[in-house]
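Taking it in order: structure first as C-alpha cells, then the write-up.
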Amino acid sequence: MFYDKNYALAKPRRKRVLLSGFKGFDETKASRNLPCDYVDCAYNFKFKNGILINPLGISALEVDETAIPPMPSVEGKKRLFVTKVDLGGQLKTAFALSHRGGLEYTVCGETQWKHIETDGIFDVGVNYLYEDKDLLLLSGEKGLKALADGELVDVQADARILDMCVHYERIYAVVEGKRNSLRFSDDFDPYNWNVSLEEGGYINFDGSLGSVNTVKSFENYLYIFCDYGIYRLTAFADQTQFSMKKVYASGGKIFADSVKECGEYIAFASQDGIYLFDGYAVTKINVGVDGLFDGGFKDASACYAHGRYIMSFTDEKECDYGVFSQSRANNTILILDIAEKSVEFMRGISLYDLKTVGAYGEGKVIGLSQDCASPVQLDGSGLYFGAPYQKYWQSGEIDFDRPSIFKVVRAVEYSACCQYVLGIMANGERREFILSPTENRVNIYVKSDKFVFYIRSDNMREEIRPPILEIDFLQ
C-alpha cells in the first residue's frame with residue numbers, strides 16, 4: 001500500500017505597515033524599512049500634522065487689492081525693483097522693470113507702465129530717503145543712476161557696483177574688479193562719491209576669505225560676505241571710527257545671491273548646507289539638504305517673510321516623474337521654516353527675482369515668472385496661476401531590512417479627500433493604483449524582494465493621510 005506524502009508549506013507572515021508618517025524632507029534619513037517618515041524626493045506637497053496638503057500658490061500680483069498691469073513684452077533678462085512714491089501726501093508702492101531696452105515704471109493704481117530710456121540692464125537696486133524724497137538707486141552695466149518720481153538721473157560713482165546697501169546714511173558698495181575693497185558714499189548724500197575724509201571713500205581688507213560678493217547692514221554693523229567667510233565692519237558717520245574684523249571662515253563657498261536678512265538672523269546657503277548668522281556666531285540648520293548644494297546651483301534668488309527663508313533656484317537634478325525633469329531657469333523653490341527647522345520644495349514652476357513688499361518679515365513675497373505677463377506673488381491658494389500643481393512623493397528603495405526574502409504587497413488601506421495614484425516600482429516594472437476617496441481599501445498583489453513607493457496627484461485640494469500597506473513575508 002502506498003500513501004501520498006503531504007508537505008506542510010510555511011504560512012506567510014502577514015503584517016500591516018504604515019507607508020509613511022509624512023513628516024518631511026530629509027536626504028539623510030533614507031530608509032530601507034517602513035515607515036518612510038522622511039524622504040529625499042517630495043515636490044509640491046506640504047507636510048502638516050502627518051498629512052500631505054497643498055503647497056503655497058503662485059498668482060498675478062495684487063497690492064492693496066489692486067492688480068498690477070501686465071508688463072510690456074520684452075526679450076531676455078529682466079529685473080524687478082520696488083520703491084515708494086509720494087502722490088499728494090499718500091505714499092504708494094511703485095515698480096521698476098529693467099531690461100535691455102530700457103526701464104519700465106508704474107505706480108499701484110495706474111493702468112499701464114511708463115517707458116524710460118536708458119542703456120543696459122540694472123542688476124542691483126537700493127532705496128534711500130534723500131531730502132524727504134524716495135530715491136531708488138540702480139546700478140548696472142552703464143553705471144549708477146537714481147530714479148525719483150519716475151525720472152532717471154546719473155550718479156557719478158566712477159565704478160560698476162555689483163551690490164550695495166544703506167548703513168548710517170551712507171551707501172556701501174561692492175565694486176566690480178575690487179576683490180578686497182568696499183566703496184562708500186558721503187553720509188546723507190548718495191550722489192557724492194568723492195574720496196576724502198569728509199566725503200566718500202573706500203576701505204580695504206586682507207582678502208584672505210576670497211572675493212567680496214555682497215554687503216548687508218544688520219544689528220548696527222555692516223557685514224561683508226565673501227566667497228569663504230564674513231567680515232564685520234564697524235562704520236559710523238566719522239570715517240576715523242571705522243574698524244574691520246574677520247568673524248567667520250567657511251569650509252564651503254558661500255552663494256552670494258542666497259544671503260538674506262531673516263529677522264534676528266542672516267541666512268545663507270553654502271556648498272555644505274544652509275546657515276544662520278546672528279552677527280557673532282554661525283549655526284548650521286540641519287534640515288537634510290546638504291547634498292543639494294555641494295555641486296552648486298544656478299540663478300539663486302532669496303527673500304524672507306512670515307518666519308520663512310524662501311529661495312528660488314535652478315535644480316537640474318532629474319526626478320522620476322514628468323514635469324519635474326523639465327529644463328528651465330528657476331524651476332525650484334526651497335521654503336525653510338526657521339523656527340520649525342523644516343523644509344519643503346516646489347518644482348516645475350517659474351519664479352525668480354524674489355522680493356518682499358510690505359512690513360518687514362510680514363509682507364508679501366513677489367517676483368517674476370516666465371508663465372505670467374505681470375509681476376507675481378506667493379499666496380495661499382495652492383494653485384499655480386489657477387491650475388493645480390503636479391505633486392509627487394517618493395520613498396527610497398525598501399527591502400524591510402530583509403533583502404533576501406520575497407515580500408508580497410497585498411493591499412493598501414487609505415484615506416484622502418480626492419483621488420490620487422499610489423505607484424510601486426519593483427522587478428524593473430512600474431504598477432500604478434488609483435485610490436478613490438469613495439473607498440478605503442484597494443487590493444494590489446505586487447511581489448518582489450525590494451520596492452519603491454510613490455504618490456502622485458494633481459488635485460485642486462489635497463489631504464492625503466498615511467496609507468497602511470498589508471504585506472506578506474514569504475518564508
Side-chain angles (χ1 to χ4, degrees), residues 17-57 258 262 265 267 269 272-276 283-294 297 302 304-313 315 317 319-321 324 331-349 351 365 378 380 382 389-398 414-417 420-423 451-457 459 461-469:
V17 184
L18 194 72
L19 173 61
S20 173
F22 295 141
K23 293 184 178 180
F25 179 99
D26 191 331
E27 65 184 15
T28 68
K29 295 185 178 180
S31 174
R32 293 166 49 217
N33 209 341
L34 292 183
C36 289
D37 289 342
Y38 294 89
V39 296
D40 63 356
C41 183
Y43 298 107
N44 299 334
F45 277 122
K46 180 179 178 63
F47 299 89
K48 184 178 181 180
N49 300 327
I51 302 174
L52 294 179
I53 63 172
N54 279 352
L56 292 173
S258 73
C262 298
Y265 302 102
D272 56 352
I274 300 178
Y275 290 81
L276 294 179
T283 304
K284 185 175 182 180
I285 306 180
N286 294 312
V287 288
V289 296
D290 298 7
L292 185 67
F293 303 136
D294 58 5
F297 53 87
Y304 170 72
H306 304 281
R308 293 175 292 193
Y309 171 67
I310 302 170
M311 184 169 66
S312 160
F313 60 97
D315 183 3
K317 175 185 175 183
C319 190
D320 177 71
Y321 184 71
F324 306 123
N331 63 354
T332 303
I333 302 174
L334 175 152
I335 303 170
L336 168 66
D337 188 306
I338 294 175
E340 296 293 331
K341 302 294 190 295
S342 63
V343 67
E344 61 191 80
F345 288 91
M346 296 161 62
R347 195 166 180 187
I349 50 84
L351 181 64
V365 176
L378 281 178
Y389 296 93
Q390 283 192 302
K391 309 174 192 75
Y392 191 77
W393 176 97
Q394 181 177 301
S395 76
E397 189 171 66
I398 305 300
Y414 62 94
S415 172
C417 69
Y420 70 93
V421 171
L422 174 68
F451 310 82
V452 172
F453 301 93
Y454 63 88
I455 289 171
R456 65 175 178 87
S457 68
N459 299 309
R461 184 170 69 91
E462 215 65 74
E463 196 173 292
I464 299 175
R465 299 180 183 276
I468 296 174
L469 301 175

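Note: hydrogens, waters and symmetry copies are ignored here, and every other heavy atom, side chains too, is used. Residues: numbered from 1 along the sequence shown.
Shortest non-hydrogen contact noted between Ala302 and Ser258 is CB-O, 3.9 Å. When all heavy atoms of Phe45 and Glu462 are compared, the closest pair comes out as CE2-CG, 3.6 Å. Looking at every heavy atom in both residues, Leu351 comes nearest to Ile349 through N-CD1, 3.8 Å. Residue Ser457 comes nearest to Tyr420 through the heavy atom pair CB-CB, 3.8 Å, listed as atom of the first residue, atom of the second, then distance. The nearest pair of heavy atoms linking Pro466 to Gly21 is CG-CA, 4.3 Å. Contact record, Tyr38 with Lys23: CZ-CB, 3.7 Å, taken as the closest heavy-atom pair.
Side chain of Asn44 to main chain of Tyr392: no donor-acceptor pair is present (N/O by atom type, distance under 3.5 Å, no hydrogens or angles). Without hydrogens or angle criteria, Tyr389 side chain to Leu56 main chain gives a donor-acceptor distance under 3.5 Å. Put simply, the side chain of Ser415 never gets that close to the backbone of Arg465: no donor and acceptor are under 3.5 Å apart.
Residues Leu276 and Tyr309 are not in side-chain contact: their nearest non-hydrogen atoms beyond the backbone lie 4.5 Å or more apart. Under the 4.5 Å side-chain criterion, counting only non-hydrogen atoms from C-beta, Pro467 is not in contact with Leu422.
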- Please lay out, stage by stage, how Thr283 and Tyr265 fare under the test side chain to side chain contact (heavy atoms under 4.5 Å, CB included). CA-CA 10 Å; Thr283 304; Tyr265 302 102; over 6 Å; no

- Query: Given Leu34 and Leu18, is the side chain to side chain contact (heavy atoms under 4.5 Å, CB included) satisfied, shown in steps?
  - Reply: CA-CA 7 Å; Leu34 292 183; Leu18 194 72; over 6 Å; no

- Query: Where do Ser395 and Phe451 land on the side chain to side chain contact (heavy atoms under 4.5 Å, CB included) test, with the steps shown first?
  - Reply: CA-CA 9 Å; Ser395 76; Phe451 310 82; over 6 Å; no

- side chain to side chain contact (heavy atoms under 4.5 Å, CB included) between Lys391 and Asn54, worked out: CA-CA 9 Å; Lys391 309 174 192 75; Asn54 279 352; 3.2 Å; yes

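Within the model, atoms CD1 of Ile310 and CG of Leu334 stand 9.5 Å from one another, a figure rounded to the nearest 0.5 Å. Taking NZ from Lys46 and CG from Asp337, the interatomic distance works out to 7.0 Å, rounded to the nearest 0.5 Å. Between the CE atom in Met311 and the CD1 atom in Ile335 there is a gap of 11.5 Å [rounded to 0.5 Å]. Between the CD1 atom of Ile53 and the CZ atom of Arg461 there is a distance of 11.0 Å, given to the nearest 0.5 Å. Taken from CG in Leu336 to OH in Tyr304, the straight-line distance is 10.5 Å, to the nearest 0.5 Å. Distance check, rounded to the nearest 0.5 Å: CD1 of Ile51 to CD of Glu463 gives 5.0 Å.
Within 6.0 Å of NZ in Lys341 there are more than 12 heavy atoms belonging to other residues, nucleotides or ligands.
Ser20 is linked by a side chain to side chain contact (heavy atoms under 4.5 Å, CB included) to Phe22, Asp37, Trp393, counting only residues two or more places apart in sequence or in another chain. Annotation: side-chain hydrogen bond (donor to acceptor under 3.5 Å, both in side chains) contacts of Glu397 (sequence neighbours excluded): none. The side chain to side chain contact (heavy atoms under 4.5 Å, CB included) check on Asn286 picks up Lys284, with sequence neighbours excluded.
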